[in-house]
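Down below is the structure, laid out as structure tokens.
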Amino acid sequence: MTSRNRTWNRTVILIGVLASIPAADAAGTLDVTFSVSPSAIVMGPDIAGTDWPTRLATPSDEGQFEVLVAKGSVPVRSPACESRYLVIRMPASVAIGDNPAVAAAVMRKKALFGRMMELYNRRETLTLHVFPGPYAKRAPDGRIELTGCNLFFQEPTQ
């Protein structure tokens, strides 16, 4: 049987690898959960008023979206980022073929975005759960810092 004739029932979920990074302490490691004031976050249609692209200002069909957070509001150093914002992206969920688990993950991501937009529109504080993915390194002083302007949301489980 050739590979062309085989039926593939594989699912690929693009989520990145969650780094096991402890909470922020005197050594400056990344705190994966932090709160941000309404004045320090930009999301949805308001991203158009920044120098960032709006392609992921709302969730894609795969559940991927982005929000911007003022660099000074994030408890991780980002010396290589020249923007005043860090971008936090929700990873996409992609399936080859129909997969109910992936469809459910996309719905959870879209629902999270909806809840975040409600808080954002009411000018309330948002609590964000993030990880650096491939954009983190340990600086010579031992602290974690970003190599760019990117962080990723931890995926919602409910």
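Residue numbers count from 1 along this sequence.
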Could you pull out the closest heavy-atom pair between [X] and [Y], with the gap in Å?
| X | Y | result |
| --- | --- | --- |
| Gly148 | Cys81 | O-CB, 3.5 Å |
| Thr147 | Pro134 | OG1-O, 4.5 Å |
| Pro59 | Lys110 | CB-CG, 3.8 Å |
| Asn99 | Ala101 | OD1-N, 2.8 Å |
| Pro91 | Phe152 | CG-CD2, 4.2 Å |
| Ala139 | Glu145 | CB-OE1, 3.5 Å |

Does a side-chain heavy-atom distance below 4.5 Å link [X] with [Y]?
| X | Y | answer |
| --- | --- | --- |
| Gln154 | Val130 | no |
| Thr33 | Leu128 | no |
| Phe34 | Val74 | yes |
| Ser78 | Leu86 | yes |
| Pro132 | Leu146 | yes |

By the definition side-chain contact (heavy atoms from CB on, under 4.5 Å), identify the one residue from Val67, Ile88, Leu126, Thr125 that meets it with Val36. Leu126

Calculate, to the nearest 0.5 Å, the distance between atoms [atom1] and [atom2] belonging to [X] and [Y] respectively.
| X | Y | atom1 | atom2 | answer |
| --- | --- | --- | --- | --- |
| Met90 | Phe65 | CE | CZ | 4.0 Å |
| Arg115 | Met117 | CZ | CE | 14.0 Å |
| Tyr85 | Ser73 | OH | OG | 10.0 Å |
| Met116 | Asn121 | CE | CG | 11.5 Å |

Please identify each residue that fulfils side-chain hydrogen bond (donor to acceptor under 3.5 Å, both in side chains) with [X], with sequence neighbours left out.
| X | answer |
| --- | --- |
| Arg122 | Glu124 |
| Glu82 | none |
| Ser60 | Glu62 |

Quick one: salt bridge (charged side-chain N to carboxylate O under 4.0 Å, His left out) pairs with a partner in residues 86-96, sequence neighbours left out? Glu66-Arg89

Worked check of side-chain contact (heavy atoms from CB on, under 4.5 Å) between Ile144 and Arg138: CA-CA 5 Å; Ile144 298 294; Arg138 192 165 297 277; 3.5 Å; yes

Salt bridge check: are Arg77 and Asp141 linked by an N-O gap of less than 4.0 Å? yes

Run the salt-bridge test on Arg108 and Glu155 with the 4.0 Å N-O cut-off and return the result as yes or no. no

Flag yes if Leu56 and Phe113 sit in one hydrophobic cluster, no otherwise; membership is Ile, Leu, Val, Met, Phe, Trp, Tyr, and two members link when side-chain heavy atoms are under 4.5 Å apart. no

Could you go through residues 37-50 and list every donor-acceptor pair under 3.5 Å that involves a side-chain atom there, pairing it with any protein atom two or more places apart or in another chain?
residue : atom : partner : partner atom : Å
Ser37   : OG   : Ser39   : OG           : 3.2
Asp46   : OD2  : Tyr120  : OH           : 2.6
Thr50   : OG1  : Ile47   : O            : 2.7
Thr50   : OG1  : Trp52   : N            : 3.1

Tell me, which pairs form a disulfide bond (SG atoms under 2.5 Å apart) where one or both residues lie in residues 83-146, sequence neighbours left out? none

With no hydrogens and no angle check, do the side chains of Ser83 and Lys71 hold a donor and an acceptor under 3.5 Å apart? no

